[in-house]
Engineer: 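Just dropping this structure here.
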Amino acid sequence: MSQVTMTVNGKTATGDVEGRTLLVHFLRDELQLTGTHVGCDTSQCGACVVHVDGKAVKSCTMLAAEADGASVETIEAQAADDGTLNVVQQAFQDHHGLQCGFCTPGMVMSATALLKENPKPTEAEIRHYLEGNICRCTGYHNIVKSIMAASGQDVDSIAAEVAAQ
Amino acid sequence: MPKDGGIGASTKRREDVRFLSGTGNYTDDINLHNQTYVHFLRSDVAHGRIKSIDTTVASAMPGVVRIFTGADFEGVGSVPCGWEITDRFGEKMQEPAHPVLAQGKVHHVGDQICAVVAETLEQARDAAEAIEVDIEELPAVVDMKKALEEGSPKVHDDLTSNLCFDWGFVEENKAAVEEAFQNAAHVTTLELVNNRLIANPMEPRVAVGDFNRGTGDHTLYTTSQNPHVIRLLMGAFVLGIPEHKLRVVAPDVGGGFGTKIFHYAEEAFCTFAAKAINRPVKWTSTRSEAFMSDAHGRDHVSTIQLALDADNNFTALRTDTYANMGAYLSTFAPSVPTWLHGTLMAGNYKTPLVYVNVKAVFTNTVPVDAYRGAGRPEATYQLERVVDKAALELGVDPVALRRQNFITEFPYQTPVAVEYDTGDYNATMDKLTQVADFAGFAARRAESEAKGKLRGFGVNCYIEACGIAPSNLVGQLGARAGLYESATVRVNATGGLTVMTGSHSHGQGHETAFPQVIADMIGIDASMIEIEHGDTDKAPMGMGTYGSRSLAVGGSAMVRATEKIINKAKKIAAHLMEASEGDVELKDGQFSVAGTDKSVAWGDVTLAAYVPHNYPLEDIEPGLEETAFYDPANFTYPSGAYCCEVEVDPETGKVTVERFAAADDFGNVVNPMIVSGQVHGGIAQGIGQALLEGAAYDENGQLLTGSYMDYAMPRASDLPFYTVDHSCQTPCTHNPLGVKGCGEAGAIGSPPAVVNAVIDALRSAGQDITHIDMPLSPARVWAAMNNA
Ligand code: FES
Ligand code: FES
């Protein structure tokens with residue numbers, strides 16, 4: 001056991017971890033930040049994406065000890081204190097970019113990192129960037145649309161969706 | 001236009017707020033005081049006899065609470081199967097025991113041998129490595145046809161063979177079908193494989209068992225699509241716990257797609273062990289475990305034949321299928337290749353004679369059960385591929401051949417038992433022609449060819465049977481359960497409603513869509529209505545969510561309960577307005593008396609129900625709470641037409657889906673946004689099946705696709721935007737909402753369109769290719785093109 005200290009969502013967090021404890025388990029089990037999910041054990045699904053020092057990281061690929069001293073941001077800190085969703089979160093709700101919600105925290109954290117790097121990504125750039133995030137529910141259509149909308153692009157013209165009424 | 005919040009509005013989902021802010025409550029987020037962790041030691045051989053298990057060293061390791069083996073489960077029930085098939089000869093299916101922990105033998109890679117319960121998960125895992133298990137490996141059976149050969153090793157020693165059942169449908173039609181084939185002007189034959197898939201909801205399965213010694217109450221938190229079904233199966237058949245002492249909670253569930261319908265041994269283990277050690281026991285599946293313990297889907301090998309007359313009318317259809325059951329019978333496994341498959345073989349066509357034979361086979365592989373569509377994708381794939389092949393052989397347009405044979409009059413009694421109530425297959429095909437822009441294909445093909453790519457165009461139709469299902473009918477067909485749904489509508493004193501439903505939402509958006517229905521009925525804002533689901537202590541006995549049944553069956557129960565509420569509320573309102581009950585109308589949340597200016601608000605009536613000072617107590621009870629159980633009169637029959645356009649790289653065989661369009665008829669639609677989302681997800685899974693996904697075993701029964709490194713899940717870059725339309729609506733005639741269900745259509749309707757498109761692309765380059773088995777990987781396509 002060794003002690004780690006990091007800033008998580010703006011607050012100092014300290015805990016004892018085993019050498020093999022992954023960051024995702026430190027967040028979920030020690031800090032009760034259960035918004036970050038675990039969807040695989042081969043670093044393929046992206047359900048666990050958080051930001052470490054401003055960069056999107058799969059928190060299942062990083063040891064808690066490696067994050068010692070770092071600044072970590074998770075899905076729990078994305079909305080305002082009064083619960084108001086941020087632009088990316090709101091776009092996901094507006095455009096039905098989630099169904100079961102399990103991949104969603106990772107998607108939102110990845111999308112946020114993408115928009116920081118590339119404020120107006122094309123459809124192809126978004127699809128390429130999401131290489132490491134699997135969603136089994138949405139078929140990605142509305143996720144890509146949500147991210148385009150969050151970046152201020154007009155999404156009404158995307159593939160005709162003839163509504164029922 | 002529908003008013004916001006009512007039927008027909010694309011109301012934004014309220015559940016999204018918690019999912020988007022990381023405050024969902026999934027089973028793995030639940031941790032109980034004094035909780036322990038279990039790790040299952042699983043078989044790494046497909047078939048073997050357990051000679052000895054030595055837990056001496058492991059038991060003494062740090063943190064180990066107790067190690068369980070099969071011996072601890074002697075006298076405990078077997079994990080049950082919920083459906084019994086009677087075969088062509090009137091014999092019952094063979095049904096092997098499925099112990100919670102292996103007894104004597106292991107039957108597939110991943111079968112549970114021991115369970116180590118420890119203070120931490122790491123300690124449980126470490127101790128499991130120290131257990132010494134001596135297994136005598138036995139020859140495994142993997143291939144279904146070989147499994148049925150004389151002298152093949154038997155998966156289960158106590159069964160007579162590896163044949164679970166040999167089912168014929170409709171057996172009485174067999175001779176007439178043979179005769180029709182003898183008289184046919186043309187017969188098209190196609191052999192095909194419906195590839196084995198793994199559902200892969202993104203949330204792995206989790207179970208947390210808890211026991212209260214003081215009260216004798218058991219609680220199981222589990223990732224389930226149907227907590228009441230788990231309570232019944234586990235309580236009554238495995239552990240012998242009566243339902244009033246067992247609570248099953250399925251909180252937020254991260255996708256199901258069928259694989260979370262079934263009762264699994266791990267759930268029974270955690271419930272059992274929590275009592276045995278008097279502490280909570282938690283199991284969280286890793287993804288690797290999920291690959292070898294979640295029920296798989298599909299895995300059919302079929303030969304289908306279509307007979308046509310000289311005018312290209314379909315005269316008969318016959319199909320022979322081998323259906324893999326895996327090593328044990330999972331909860332609904334026997335129903336999938338039979339009643340959910342054979343009854344769909346008429347498809348959208350007026351083929352007068354159909355005969356379906358299905359041999360269900362045990363192999364040393366993970367059990368196979370329902371996966372999104374369950375039987376219906378297998379039927380649709382066979383049918384829509386053989387029709388395309390017939391069109392090729394006859395040199396006719398595949399769309400025209402379909403239209404010529406469409407059923408056009410409803411209700412329509414098929415030759416495979418079911419009666420379609422409504423549909424309009426020409427309307428969905430017309431709509432598809434427009435939204436998929438059939439007319440522009442030639443230009444798009446020319447563009448692709450200019451880039452050195454082959455472009456193909458594939459169309460198919462589908463029909464499915466949803467809204468599962470009339471209980472008396474399924475009882476005759478072998479179901480060991482009823483398939484009604486329940487709802488309790490509790491009106492609170494100040495007018496808000498809490499609705500407890502047996503349907504379970506794990507991505508479908510019930511918490512948003514269900515209130516839209518009630519809001520419309522009463523004329524109040526949808527935000528006044530809250531949906532509770534997933535807890536057997538709250539909702540009345542319900543059968544859960546699968547088979548695109550939630551709105552058609554669960555929604556109907558909710559409508560019936562709300563009707564009872566409105567009837568009672570009208571009595572109260574009549575009393576308050578001193579009017580006769582028959583004159584009271586309810587509109588926009590206001591009760592009024594026709595022809596007068598008397599009115600009382602919804603809230604006045606609900607308050608009177610709970611503060612009954614001025615109240616007809618001699619006639620009606622106080623309170624406003626009603627329950628209804630709805631048992632459907634028939635299945636519902638969503639239908640549609642799908643179109644896929646692909647590009648094939650002739651150098652590599654790589655297929656890309658360039659365009660995909662769907663024109664569906666779901667009957668009435670409550671929330672178009674949610675319906676479109678369901679179709680998108682289904683299409684992605686269908687394209688995944690057609691191009692990417694496939695679970696593979698080697699001849700020794702080792703699972704070759706055991707992680708996301710080897711099992712190709714569709715990623716964002718594998719898929720295009722989809723065009724989806726559900727404006728063709730022929731409402732269901734037998735449920736109060738006129739809805740048909742939309743959850744599975746995408747996965748049912750899309751694989752044949754993709755394969756038809758790839759075959760079309762290859763043929764456009766002069767290749768004489770009529771079929772390639774899914775998944776159409778670059779290697780397979782390239783091999784087909786190069787006769788390799
Ligand atoms: S849990 Fe981290 S990538 Fe899957
Ligand atoms: S919303 Fe369910 S996995 Fe993406």
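Quick note on labels: first sequence line is chain A, next is B, and so on, each numbered from 1. Bear in mind the structure is a predicted one, so any value in this text is a computation, not a measurement.
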Engineer: At a heavy-atom separation under 4.5 Å, does B/T23 approach chain A through its side chain, its backbone, both, or neither?
Structural biologist: neither
Engineer: Given heavy-atom pairs under 4.5 angstrom as the criterion, report whether the side chain, backbone, both or neither of B/Q508 touches chain A.
Structural biologist: neither
Engineer: Among A/C135, A/C45, A/C137, which residue satisfies the side-chain contact (heavy atoms from CB on, under 4.5 Å) criterion with B/M202?
Structural biologist: A/C45
Engineer: Pick one of side chain, backbone, both or neither for B/V675, based on which atoms fall under 4.5 Å of a heavy atom in chain A.
Structural biologist: neither
Engineer: With a 4.5 angstrom heavy-atom cut-off, which part of B/F666 approaches chain A: side chain, backbone, both or neither?
Structural biologist: neither
Engineer: For A/T138, is it the side chain, the backbone, both or neither that has a heavy atom under 4.5 Å from a heavy atom of chain B?
Structural biologist: backbone
Engineer: Given heavy-atom pairs under 4.5 angstrom as the criterion, report whether the side chain, backbone, both or neither of A/V38 touches chain B.
Structural biologist: backbone
Engineer: Find the one option among A/E76, A/Q78, A/E123, A/E18 whose heavy-atom pairs under 4.5 Å with chain B are most numerous.
Structural biologist: A/E123
Engineer: Which answer fits B/L719, side chain, backbone, both or neither, if we ask what part of it has an atom under 4.5 Å from a heavy atom of chain A?
Structural biologist: both
Engineer: Heavy-atom distance under 4.5 Å to chain A: side chain of B/Y708, backbone, both or neither?
Structural biologist: both
Engineer: Does B/Y37 have any ring pair (Phe, Tyr, Trp, His ring centres under 6.0 Å) partners at least two apart in sequence or in another chain, and if so, which?
Structural biologist: none
Engineer: If we check side-chain contact (heavy atoms from CB on, under 4.5 Å) with A/R136, which of these qualifies: B/E203, B/M713, B/R372?
Structural biologist: B/M713
Engineer: Under 4.5 Å from any heavy atom of chain A, what part of B/M673 do you find: side chain, backbone, both or neither?
Structural biologist: both
Engineer: Can you find a pair of side-chain heavy atoms, one from B/V17 and one from A/Q93, that are under 4.5 Å apart?
Structural biologist: yes
Engineer: Do the charged groups of B/D29 and A/R28 touch, with an N to O distance under 4.0 Å?
Structural biologist: yes
Engineer: What part of B/A663 gets closer than 4.5 Å to chain A, counting heavy atoms only: side chain, backbone, both or neither?
Structural biologist: neither
Engineer: Side chain, backbone, both or neither: which part of B/N31 has an atom under 4.5 Å from a heavy atom of chain A?
Structural biologist: neither
Engineer: Which one, A/T42, A/L98, A/D94, leads in non-hydrogen pairs under 4.5 Å with chain B?
Structural biologist: A/L98
Engineer: Measuring heavy-atom distances to chain B, does A/I134 have an atom under 4.5 Å in its side chain, in its backbone, in both, or in neither?
Structural biologist: both
